[in-house]
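The block underneath contains the structure these notes are about, expressed in structure tokens.
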Amino acid sequence: MPSGGNGASNGAGNAGTSGNVPMYKPYRHLKTLEGHTAAISCVKFSNDGNLLASASVDKTMILWSATNYSLIYRYEGHSSGISDLAWSSDSHYTCSASDDCTLRIWDARSPYECLKVLRGHTNFVFCVNFNPPSNLIVSGSFDETIRIWEVKTGKCVRMIKAHSMPISSVHFNRDGSLIVSGSHDGSCKIWDAKEGTCLKTLIDDKSPAVSFAKFSPNGKFILVATLDSTLKLSNYATGKFLKVYTGHTNKVFCITSAFSVTNGKYIVSGSEDNCVYLWDLQQKNILQRLEGYTDAVISVSCHPVQNEIASSGNHLDKTIRIWKQDA
Amino acid sequence: MNAPIIDPLQGDFPEVIEEYLEHGVIKCVAFNHRGSLLAAGCADGGCVIWDFETRGIAKEIRDSDCSAAITSVSWSKYGHRLLVSAADKSLTLWDVSTGEKIARTILQQTPLQARLNPGLSSPSLCLACPLSSAPMIVDFDIDCTTLLPVSVPEMPDVLAPPQRSKCPESNPPFSPAAACFNKCGDLVYIGNSKGEILIVDYKSVRVLALVSASGAAPVKNIVFSRNGQYLLTNSHDRTIRIYENLLPAKNVLKSLEDLGKNIDGLDGIEKMKTVGSKCLTLFREFQDSVTKMHWKAPCFSGDGEWVVGGSACKGEHKIYIWDRAGHLVKILEGPKEALIDLAWHPVHPIIVSVSLAGLVYIWAKDYTENWSAFAPDFKELEENEEYVEREDEFDLIPETEKVKVLDVNEDEEVDIDTVEKDAFSDSDTSVEELRYLPAEPIPDTNDQQDNLVESIKLIEGQISASPASEEAGQNGHHASSPQAEEMGETRGKRKRKPSEKAMELQAEKAKPLKGSGKTVRAKNRAAFDQETDDSINGGDDDDDAYY
């Protein structure tokens with residue numbers, strides 16, 4: 001059942017089979033972080049939950065503390081806007097993907113240096129992720145290729161000509177053996193990370209474009225967002241779409257979504273109607289719409305331990321907002 | 001994790017050389033428990049650990065005291081420690097994550113093989129097999145060496161006196177024997193020069209059972225499968241024998257004692273033989289009846305389904321693969337250099353072989369893209385099927401609109417975060433396994449950035465000047481290759497498939513490798529143009545850097 005509230009809870013909304021589903025506790029606005037001078041393309045909490053990184057079209061990346069949300073450092077170095085960032089598993093390094101066709105590996109500890117520049121793509125680098133052991137980085141680009149880089153030396157160990165249009169999203173699964181990629185050509189494919197061979201194609205319609213794809217925490221399911229305002233959860237082994245989440249607006253931007261598993265299982269996503277949406281994973285109903293933004297919400301990230309969500313806004317807004325769930 | 005979508009019909013053993021690793025002259029290799037790291041000992045006394053996923057060097061271990069060739073490397077169960085034996089009679093125990101030496105001891109003789117106790121998480125106890133002496137247990141904690149018996153004396157009730165000493169004096173000449181720990185590390189299985197297998201409790205230095213082998217040839221290698229269910233011996237009579245282990249996995253010592261108690265009326269050797277027959281039964285024998293060759297470094301595959309052995313003939317690099325029932329399924333032929341060590345990856349169908357020249361070859365399956373991977377509704381068919389069209393399929397105005405039937409129960413609960421128990425973690429999950437060495441990015445220096453442009457020009461110049469015919473085809477390819485930008489001083493010491501890096505490396509260092517181009521084919525990848533691959537594959541003279 002779609003909700004209507006202004007940031008207020010929608011009630012339990014659970015007409016499900018199990019009777020002991022706890023009442024949904026709403027998320028409330030905790031803090032607004034300002035610091036970027038242009039649209040913020042990505043926010044991500046570190047895996048240890050101590051840091052938050054945000055990347056922006058203003059060519060910089062900012063490191064925030066996740067305990068008091070103060071600004072720790074502003075990384076400069078890219079010559080063009082940044083589209084995505086990723087954290088290493090040990091929370092020591094971040095990698096940013098930029099329109100200047102390079103990726104940069106930054107140290108998240110003092111003195112916050114840029115450790116490596118990964119060159120090789122011939123067009124905007126749009127998405128990036130580390131593998132779980134964090135010895136490899138996968139990146140997807142507007143040059144329609146996926147590249148896998150070795151973290152230690154910065155060399156490109158593999159290039160896969162993956163799609164026929166810009167790649168919007170790449171993600172490793174839990175054990176680093178698979179990569180899922182989504183592209184504007186409408187397809188979502190799964191690749192063998194070691195061999196670079198295509199193992200499966202999930203969607204193959206020319207439209208709508210796939211704007212985001214990622215594995216579930218246990219690596220069995222894939223969450224796919226398409227530019228027809230739909231989010232789908234699929235079991236990739238069978239190829240069947242199990243859940244569909246709608247109600248938000250997503251037709252233009254590659255908005256990121258996230259799994260929230262710290263307290264109840266939710267799907268969280270940004271939207272072009274200036275809100276953050278939360279759905280119940282099983283029931284697929286909208287649990288809450290977080291309002292306050294003055295422009296589209298491009299990126300969301302869930303804290304790994306605490307019940308907090310960070311979200312970032314587009315050009316007219318330029319802020320990061322932190323939402324905390326009621327205790 | 002990707003089991004459901006990988007084609008099960010492909011056969012679980014490697015077929016072609018995928019690439020090779022190089023770091024000095026390698027003498028021996030060992031995978032860690034999960035196969036994520038490969039340790040190798042070099043001829044100059046150092047050890048190198050490769051991250052097997054990236055095929056890059058993760059760590060180098062070097063002892064300033066030791067410059068003699070390494071004879072064997074062995075991991076502890078959870079990957080925290082590495083035991084290295086060298087030709088200067090030393091045994092050194094290293095801590096892998098810090099790269100520091102824990103202990104070092106010098107033996108009377110050079111240990112050919114040394115293995116850490118697989119049952120302990122931080123073992124300081126190991127089994128060493130010297131060239132011409134009995135196998136011994138070396139305890140680093142108390143700095144003590146214990147010799148193990150290699151034969152059961154004929155006289156009943158007389159056990160070989162345990163020889164415990166800090167510095168063992170010269171012992172009566174024992175014939176060489178092979179030995180290994182069982183899976184939980186509380187028993188040692190010794191194969192002696194009479195072809196017998198002794199089951200020894202090394203703590204009390206007692207022989208508990210004896211298994212006599214058919215054919216009394218000395219045993220050269222003895223090794224268990226990973227799950228401890230099968231035992232393999234390689235004998236001087238050119239036969240590999242597979243035994244089934246009848247003992248239970250846990251509480252082995254107790255079971256052996258119980259077996260011993262239940263036998264009445266027998267003493268000494270006869271008793272041991274009877275107990276022995278209850279511990280191991282001969283399952284299969286493998287030999288090459290045609291060439292009657294000696295085998296080298298035989299071992300099991302990770303799941304115990306396949307047995308692999310290298311041919312010990314000089315000048316040839318052949319790897320034989322049998323299934324456990326005894327059928328020869330594959331012979332892998334490598335470049336014309338003798339094989340000195342072999343290891344099967346614990347998880348994947350990958351074999352690593354070391355050649356006399358010191359190169360580590362990685363053999364893997366020849367992947368062919370599965371056609372059903374290219375579209376969501378593609379399905380592979382066994383044979384042609386007649387297509388029966390729908391009643392209204394060719395109607396101009398179909399009666400029923402195409403409705404995408406959702407045959408999935410959308411209300412079913414979906415579980416996104418429970419993870420299946422890992423098949424490879426044995427019962428004890430309290431100890432954290434060392435799976436990977438952390439990859440710390442080596443900071444770029446400013447020089448590297450500037451040199452990039454210059455080295456591109458340099459290497460492109462080299463390529464065009466090269467006389468080899470296949471490189472002419474590459475030249476045009478390189479000019480547009482985005483990878484040309486990445487060449488720098490940090491070349492690393494690994495070679496990749498010809499379609500990517502090997503072409504550049506070929507120009508730089510012409511490796512004098514000879515190889516039979518017969519069984520080695522460059523893999524077909526979607527990454528690069530077909531015509532480039534073809535131009536490289538054509539001709540038998542282009543054998544450099546393929547291996």
Side-chain angles (χ1 to χ4, degrees), chain A residues 17 90 93 105 113 115-117 119-122 133-136 150-161 173-178 189-190 192 194-204 216-221 233 236-244 259 261 265 281-282 284, chain B residues 1-6 36 51 53-58 348 364-365 367-370 372-378 406-420 435-444 449 452 482-483 485-486 488 490 492 496 500-501 523 525-528:
Chain A
T17 46
D90 55 6
Y93 308 106
I105 303 181
E113 276 180 3
L115 295 169
K116 296 204 90 61
V117 180
R119 296 175 208 277
H121 279 294
T122 53
S134 295
N135 47 15
L136 294 173
E150 189 188 342
V151 171
K152 196 161 179 172
T153 57
K155 284 166 60 171
C156 176
V157 298
R158 193 175 294 277
M159 185 191 82
I160 307 174
K161 284 201 176 133
N173 70 338
R174 200 175 166 275
D175 62 8
S177 57
L178 301 176
K189 293 190 187 209
I190 299 177
D192 182 318
K194 267 189 180 318
E195 299 295 324
T197 50
C198 179
L199 291 174
K200 197 149 184 144
T201 304
L202 272 189
I203 315 170
D204 200 20
S216 65
N218 63 359
K220 290 200 192 136
F221 303 97
L233 189 69
Y236 69 84
T238 60
K240 299 231 178 337
F241 288 100
L242 302 170
K243 305 271 180 193
V244 182
F259 291 95
V261 297
K265 312 246 183 301
L281 178 83
Q282 312 292 359
K284 303 165 292 189
Chain B
M1 198 64 70
N2 47 346
I5 50 181
I6 290 230
S36 51
D51 178 332
E53 289 204 357
T54 61
R55 307 281 160 90
I57 292 179
H348 299 301
K365 291 200 329 197
Y367 280 97
T368 48
E369 301 246 12
N370 193 354
S372 65
F374 289 110
D377 44 4
F378 274 12
L406 283 172
D407 53 348
V408 178
N409 179 11
E410 281 220 348
D411 291 330
E412 216 175 294
E413 293 243 332
V414 166
D415 185 359
I416 57 164
D417 57 0
T418 46
V419 183
E420 280 148 15
R435 280 202 225 189
Y436 303 99
L437 288 170
E440 277 133 40
I442 300 166
D444 288 340
Q449 318 275 8
L452 276 175
Q483 292 194 291
E485 301 156 48
E486 293 151 300
T490 54
R496 291 245 146 208
E500 280 199 332
K501 295 285 186 187
K523 283 200 299 197
R525 279 215 209 130
F528 275 74

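Here is how names work: the chains are called A, B, and so on, in the same order as the sequence lines, proteins then strands, and each is numbered from 1.
Note: Thr54(B) OG1 to Asn135(A) CG = 5.5 Å, rounded to the nearest 0.5 Å. Atom-to-atom distance recorded for Glu440(B):CD and Ser134(A):OG is 11.5 Å, nearest 0.5 angstrom.
Of all the heavy atoms in Lys116(A) and Pro443(B), the pair that sits closest is NZ-C, 4.3 Å. Counting all heavy atoms, side chain and backbone alike, His348(B) lies closest to Lys194(A) at NE2-CE, 3.6 Å.
Between chain B and the residues Asp90(A), Leu136(A), Leu115(A), the largest count of heavy-atom pairs under 4.5 Å involves Leu115(A).
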Exercise. Carefully, step by step, assess Arg55(B) and Val157(A) under the rule side-chain contact (heavy atoms from CB on, under 4.5 Å).
Key: CA-CA 9 Å; Arg55(B) 307 281 160 90; Val157(A) 298; over 6 Å; no
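Of the atoms belonging to Lys152(A), heavy atoms from both backbone and side chain fall under 4.5 Å from chain B. The part of Leu202(A) that comes within reach of chain B is its backbone (N, CA, C, O), which places non-hydrogen atoms under 4.5 angstrom from that chain.
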